[in-house]
A.B. asks: 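Got a structure here, written out as structure tokens. Questions coming.
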Amino acid sequence: MKVAYESTATSVGFFRFWQDRFKAVARNRQLIKQLLFLSLTEQYKKTLLGSIWLVINPILSILIWLIMNYSGIYQPGETTIPYVGYLLLSMSIWLFFVSFFKHLATGVTESGRMLMEAPFEMEAKLVEKVLLNIVNFAIPLIINMVVLIIMGVSFGWSSLWFLPTLIPLMLLGISIGVFFSLIEVVFNDIYLIVNQGMNVLMFLTPVVYTTKVNSEFLQTIIYYNPLTYLISIPRDLLIGAPIEDWSGYWVSSGFALLVFVFVMHFFFNSVYKIVERIFE
């Protein structure tokens, strides 16, 4: 059995490839809206607190770090705002990145049977997952900003650049999720390993500590880690902290863009062939 819809990505040039992707999104905008509505209503449907978990999750994720910090066990380095606010904001940005991986990495498995049975373009599923993650990020972010204001943090004109400077981080998160969606559908254990590896990666990125953490080993890793700049620059812009390394941000952004372009081409050249083999 062949998939009901198959991409023509293998036979077109670079600009035609992206033109086809945007046209596919436009054709499926109504389906994307329906999928997004279903996902938003279903994700916490069987929980007692419902969408309140969007607020609770970031708080629970920082609780242990606050306990360690205030007990003197853990020294994150000097922060320009209260550590509670720094941690809330950093963890929200980190979860924004990781959630793209978690939402998108299972996308092919979730959509495989549908691709075999009905006219369905993967662009719709990918965009729906991306929009779902953006909505899930926006709600706790607004609450975090209210908390920061209560703590006395003021927002200036530089704060307006916060969302635009998050775009490279979003592209990198999408790229990792989309790439591993092709692996997860064949080798689920590799996906599980990478999923756990994301927890390790957080400790190699200035999320729960600053770039001035008292460890030469960590400082070296932080310096060469692209996520350092893609997370710290937007965060610093939002709270009005001094920007230390714009050059690192632009290099990391260029890297994220190149990875995104490569992965998207690879994905649409491969996904329908993989689905035919796995779900036939």
Side-chain angles (χ1 to χ4, degrees), residues 57-59 61-62 64-66 69 74 76-104 130 133-134 136-145 147-148 153 155 158-177 194-195 197-213 215 217-260:
N57 278 333
I59 296 174
S61 66
I62 71 169
I64 183 64
W65 300 106
L66 291 177
N69 176 240
Y74 163 71
E78 184 180 352
T79 59
T80 55
I81 62 174
Y83 184 62
V84 176
Y86 176 89
L87 200 51
L88 270 172
L89 182 56
S90 298
M91 193 62 72
S92 294
I93 297 173
W94 174 257
L95 292 175
F96 173 69
F97 166 70
V98 171
S99 294
F100 281 116
F101 164 74
K102 293 186 176 182
H103 283 141
L104 290 167
V130 170
N133 194 44
I134 291 174
N136 286 343
F137 169 68
I139 296 173
L141 174 65
I142 293 171
I143 295 172
N144 289 345
M145 292 180 69
V147 171
L148 290 172
V153 177
F155 300 105
S158 66
S159 302
L160 297 175
W161 289 103
F162 172 69
L163 292 179
T165 52
L166 278 180
I167 293 174
L169 182 68
M170 179 180 72
L171 295 181
L172 188 58
I174 292 172
S175 302
I176 296 172
V194 175
N195 191 31
M198 287 292 178
N199 296 326
V200 177
L201 183 59
M202 187 185 77
F203 294 103
L204 304 177
T205 308
V207 176
V208 297
Y209 50 77
T210 71
T211 56
K212 297 181 178 64
V213 65
S215 168
F217 172 72
L218 279 177
Q219 285 184 2
T220 301
I221 294 177
I222 287 171
Y223 180 79
Y224 291 105
N225 182 358
L227 289 173
T228 295
Y229 310 99
L230 299 182
I231 290 175
S232 63
I233 296 297
R235 179 184 61 209
D236 291 344
L237 283 170
L238 180 63
I239 61 178
I243 305 300
E244 297 181 351
D245 194 344
W246 272 113
S247 60
Y249 174 80
W250 292 119
V251 170
S252 300
S253 297
F255 170 76
L257 180 59
L258 288 174
V259 171
F260 177 76

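Every heavy atom of this structure was used, including side-chain atoms; hydrogens, water molecules and symmetry mates were not.
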A.B. asks: Looking at CD1 of Ile222 and CG of Leu204, how far apart are the two atoms once the value is rounded to the nearest 0.5 Å?
C.D. replies: 8.5 Å
A.B. asks: Please round to the nearest 0.5 Å and tell me the distance separating atom CG of Leu230 and atom CD1 of Ile233.
C.D. replies: 9.0 Å
A.B. asks: Could you go step by step and tell me if Ile221 and Phe203 meet the side chain to side chain contact (heavy atoms under 4.5 Å, CB included) rule?
C.D. replies: CA-CA 10 Å; Ile221 294 177; Phe203 294 103; over 6 Å; no
A.B. asks: Tell me if a side-chain donor or acceptor on Tyr229 pairs with a main-chain N or O of Tyr223 at a distance below 3.5 Å.
C.D. replies: yes
A.B. asks: Any side-chain heavy atom of Met198 within less than 4.5 Å of one from Leu201?
C.D. replies: yes
A.B. asks: Look up atom CG in Asn225 and atom CG in Leu218, then write down how far apart they are to the nearest 0.5 Å.
C.D. replies: 11.0 Å
A.B. asks: Name the one of Ile134, Asn133, Leu141 that satisfies side-chain contact (heavy atoms from CB on, under 4.5 Å) with Phe137?
C.D. replies: Leu141
A.B. asks: For Phe255, does the CZ atom sit with more than 12 other heavy atoms under 6.0 Å from it, leaving out its own atoms?
C.D. replies: no
A.B. asks: Identify the two heavy atoms, one from Ser158 and one from Gly240, that lie closest to each other, and give their separation to 0.1 Å.
C.D. replies: OG-CA, 4.0 Å
A.B. asks: Answer yes or no: is there a side-chain heavy-atom contact under 4.5 Å between Leu227 and Leu169?
C.D. replies: yes
A.B. asks: So how far is it from Met91 CE to Ile231 CD1, rounded to the nearest 0.5 Å?
C.D. replies: 10.0 Å
A.B. asks: Looking only at non-hydrogen atoms, find the nearest pair between Arg235 and Ser90 and report the distance.
C.D. replies: NH1-OG, 2.9 Å
A.B. asks: Atom OG of Ser92 and atom CG of Asn136: how far apart are they, to the nearest 0.5 Å?
C.D. replies: 12.0 Å
A.B. asks: Can you tell me how far apart CG (Leu95) and NZ (Lys102) are? Round to the nearest 0.5 Å.
C.D. replies: 7.5 Å
A.B. asks: Tell me the closest heavy-atom pair linking Leu172 and Ala256, and the distance in Å.
C.D. replies: CB-CB, 4.1 Å
A.B. asks: If I compare all heavy atoms of Leu171 with all of Phe260, which pair ends up nearest, and what's the gap?
C.D. replies: O-CD1, 3.8 Å
A.B. asks: Measure across Gly248 and Asp245 and return the closest heavy-atom pair with its distance rounded to 0.1 Å.
C.D. replies: N-OD1, 2.8 Å
A.B. asks: Is a donor on one side and an acceptor on the other found under 3.5 Å between the side chain of Tyr249 and the backbone of Ile243?
C.D. replies: no
A.B. asks: Might you point out which heavy atoms bring Leu238 and Phe155 nearest each other, and give the distance in Å?
C.D. replies: O-CD2, 3.0 Å
A.B. asks: Within the 4.5 Å heavy-atom criterion, are Leu257 and Pro168 side-chain neighbours or not?
C.D. replies: no
A.B. asks: Once the angle between the rings of Trp94 and Phe97 is folded into 0 to 90°, is it parallel (under 30°), tilted (30 to 60°) or perpendicular (over 60°)?
C.D. replies: tilted
